[in-house]
Amino acid sequence: MLRLLDTATGETRPLEARESGEIGLYVCGPTVYGPPHIGHGRATLVYDILRRYLEWSGQVVRHVSNVTDIDDKIINVAVTEKRSWQDVAVGAEDTWWDAMDRMGVLRPHVVPHATEYIPEMVELVARLVEAEVAYETAEGVYLSVANVPGYGLLAHQSLDSLRAGARVEVNEDKRAPVDFALWKKAKPDEPSWPAPFGPGRPGWHTECVVMSLALLGDGFALHGGGEDLKFPHHENERAQAVALGQPFARHWIHHGMILLGQEKMSKSLGNIVDLRRMLEVHDPRAYRLVVLQGHYREQMKVDETRIADASRTLSGLDALGRRLEEAARDGGSAPPSPDVLDGFKEQMDADLGTPRAVATLFDAVRRANIALDRRETEVGVSLARGAMVGFDVLGLAPVGSAEVSDSALELARRRDAARASGDYAAADGLRDELVALGYRVEDTPSGTRVLR
RNA sequence: GGCGGCGUGGCCGAGUGGUUUAGGCAAGGGCCUGCAAAGCCCUGUACCCGGGUUCGAUUCCCGGCGCCGCCUCCA
C-alpha cells in the first residue's frame, strides 16, 4: 500500500481509494502558450510514475490533468504574434503532447480543457456570490479570502501572516490584497464568455476546482502539482470548494523544482531548458532516470552531465536486457525474483521512494550479471527479470538495438570466421570497419554481436 | 518580515543513533578476453561549523554560517 506525505497535514499516510475502488488523481496541467521546459518534464514524469506504479499495484486510477487553454498569457502571445488565441493554444498543446509522447508519458485518462467548462465555472462563481463569500467589482468577481475558514492550510500560514507578506500589486478594486479573481471581466477585444456578472473569462484557480470536482467528484483522492503551485493556486482552489461546503482533495502532494546551477529554473528568470531540445540530444529515458534518482519532493539540480551519466547507466541496463534475451533463448525460464520485486515495492510504498527503488533494481542488475557470468542461468534470469519488471513499471524498459544492416551482419559473419581460423588481424580489421559504420561490437558465446 | 527545505566521498544523489550499510557516473588498479567491448572485483579514510544530549551522532537538540524555494505569473 502506497503511503504518501500529505502536504496539507504533513503526515505520511496511505493513499486510499474510495468505496468504488477508484483513485481519483488530479494534476494541474499546462497553460498552453509556449513550448514545455524540463520542469514540465519532471512534473509529468513524477505523476506518470505514480500512476504507473499504482496501476501495477492493482489500483484503478482515474488520472485527470487539465489544459488551460484560455489565460492572460495566451492572449498576450496572440496579440504579440498577431495570431488568434485559439491558434496559440492549439499549437502549444500539440507541441506539449509531442514532447510527452517522446518521454513515454501515458496520456491522462481525461484531459479537460478550460474552455469546455465555462458554464460550470460561471455557475460556481455565481454560487460563491450568492453565498456572499465573493463580491463583484468593476473589473471582475473576487473571492473574499477572509470569509473562508481555514484559509492558509496548504501554505501553513495564518491569514495574518499571508497578509503581511503579500506582494501583490495594490489593486483598489479588491477589498483585500489576498483576495483573488474568480472571473475577469473582458476588456475591449478580449475573448469573453457570457455571465450574469458581465462577459469575461474565468480566473485560473476557478478552472481547476471546477474541472477536478466535475470529473472526479467531491472528496477525490489526490491532488498534485509543483511546489510553486501550493500557494496561491492550490490554496485558492481549495478555498472555493471550502466556501461552498464541498469536500475537496483528501490528499495533496507537491514535487520539487528544478535548479539550474544554484537557482530555480523559471520563466521569469529566463533560464529555461527546452524539453524538446533535451529530448533530441539524449535518450528520452535518461531524463526519466534522472528524475527517478532524486526524491520527488526535493529540489533537483539538472545539467547536461547528469543526463549524459544517466544515458550511460541505461546502456548497462540495455546490455543486461540483451543477455536476458539470450539466456531466455537458451532455455532460461525462471520467473522474476520475488525478493527483487518485494524490495522494489517496499521502497516505492515509502512515499514513492524512487531513488531507493531504483537502487534496489540496479543491485539486482549487478547480481544478475554475476550469475550469468557464472553460467547460473536460472538465478541470473530470475534476477534480471525482477529488475526488468521494476524498470518497466517505472517506464524504463530496455530498448532493442536499432536495425543492423545486412552488410554489417555479413561483416560480423566474416569476423567470426576470421577469429575461428585464428586470423586476428583480419578479425580486428572487420571490427574496425563495423565501428566506423557506427556500430558497437561485443563478443558473446554465440559470436559477434553488432548493435547501434 | 512570515513559512518551508537543503548543506553527504571527484560529481550527482539516498539514508541511518552504533554494527556490512544506498545507487548511478567518473578515476585508479585487477579479473575475464587472442586484443578489445560487455561483465565482474578491489581502492579512495563522506557526512558545513560550534556546542549539547548519549556509553556512542553524519543521524536527535540548540546556536552559527552558507544555499534554495514559496509568500506575484510559474511545473
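Residue numbering restarts at 1 for every chain, and letters A, B, ... go by the order of the sequence lines. None of these values were measured; they are calculated from a predicted model.
- Checked against the 6.0 Å centroid threshold, Phe391(A) and Phe362(A) count as a close aromatic pair.
- Taking the side chain of Asp428(A) as heavy atoms from C-beta on, and the options C40(B), C35(B), G23(B), the nearest nucleotide is C35(B).
- Among the protein residues, Phe231(A) comes within range of the sugar-phosphate backbone only, with heavy atoms under 4.0 Å from sugar or phosphate atoms but none that close to a base.
- Atom P of A27(B) sits at a distance of 44 Å from the matching atom of G63(B), rounded to the whole Å.
- Gly39(A) comes within contact range of at least one nucleobase, with a heavy-atom separation under 4.0 Å.
- The shortest distance between side-chain heavy atoms of Arg440(A) and Arg452(A) does not fall below 4.5 Å.
- The base-pairing partner of C6(B), taking Watson-Crick or G-U wobble contacts with both distances under 3.5 Å, is G66(B).
- Pairing for C32(B) is absent, with no Watson-Crick or G-U wobble pair whose two atom distances lie under 3.5 Å.
- The base-pairing partner of U20(B), taking Watson-Crick or G-U wobble contacts with both distances under 3.5 Å, does not exist among the strands shown.
- Nucleotides A26(B) and U16(B) place their C1' atoms 26 Å apart, quoted to the nearest Å.
- Using a 4.0 Å heavy-atom distance criterion, Arg42(A) is classed as making no nucleic acid contact.
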Residue pair Phe248(A), His223(A): steps toward the ring pair (Phe, Tyr, Trp, His ring centres under 6.0 Å) verdict: CA-CA 9 Å; Phe248(A) 202 48; His223(A) 193 129; 5.8 Å; yes
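- Between Arg163(A) and Asp160(A) a salt bridge is recorded (basic side-chain N to carboxylate O distance below 4.0 Å).
- The partner of C60(B) is G52(B), by the rule that a Watson-Crick or G-U pair needs both atom distances under 3.5 Å.
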Nucleotide N/O of nucleotides 5-10 of chain B paired with protein N/O under 3.5 Å:
none

Under 3.5 Å, sequence neighbours excluded: what are the donor-acceptor pairs made by side chains of residues 424-434 of chain A?
unit_1    : atom_1 : unit_2    : atom_2 : d
Asp428(A) : OD1    : Arg431(A) : NH2    : 3.4

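- Comparing C68(B) with G52(B), their C1' atoms are spaced 28 Å from each other, to the whole Å.
- Of the listed nucleotides (C35(B), G69(B), C3(B)), G69(B) has the atom at the smallest distance from the side chain of Glu227(A).
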Within the sub-3.5 Å range, which N or O atoms of nucleotides 26-28 of chain B have a protein N or O partner, and how far apart are they?
unit_1 : atom_1 : unit_2    : atom_2 : d
A26(B) : OP1    : Arg312(A) : NE     : 3.3

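- Contacts of Leu289(A) with the nucleic acid, taken as non-hydrogen atoms under 4.0 Å apart, are absent.
- Judged purely by atom type and a 3.5 angstrom limit, Tyr296(A) has no side-chain atom pairing as donor or acceptor with the backbone of Ala43(A).
- Considering Val379(A), Leu372(A), Leu383(A) in turn, Leu383(A) is the only one that fulfils the side-chain contact (heavy atoms from CB on, under 4.5 Å) rule with Arg367(A).
- Straight-line distance between the C1' atoms of A22(B) and A36(B): roughly 32 Å, to the nearest whole Å.
- Both Glu442(A) and Ala427(A) lie near RNA chain B, and the one whose nearest nucleotide falls closer to the 5' end is Ala427(A).
- The 12-atom threshold is not exceeded at CD of Glu403(A), counting heavy atoms of other residues, nucleotides or ligands nearer than 6.0 Å.
- Among the heavy atoms of the strands lying under 4.0 Å from Pro232(A) are primed sugar atoms or P, OP1, OP2 only; no base atom is included.
- G69(B) and C61(B): their C1' atoms are spaced 25 Å apart (whole Å).
- Between the side chains of Glu237(A) and Ser212(A), no donor-acceptor pair of N or O atoms lies under 3.5 Å.
- Without hydrogens or angle criteria, Ser382(A) side chain to Glu378(A) main chain gives no donor-acceptor distance under 3.5 Å.
- Pairing for A27(B) is with U43(B), a Watson-Crick or G-U wobble pair whose two hydrogen-bonding atom distances lie under 3.5 Å.
- Nucleotides C49(B) and G13(B) have their C1' atoms positioned 23 Å apart, rounded to a whole Å.
- Applying the Watson-Crick and G-U wobble criteria (two distances, each under 3.5 Å), A37(B) pairs with nothing in any strand.
- Nucleotides U59(B) and G23(B), compared at atom P, are 22 Å apart to the nearest Å.
- Taking the six-membered ring for Trp and the full ring otherwise, the centers of His205(A) and His234(A) sit at least 6.0 Å from each other.
- Between Asn369(A) and Ala425(A), it is Ala425(A) whose nearest contact on RNA chain B lies nearer the 5' terminus.
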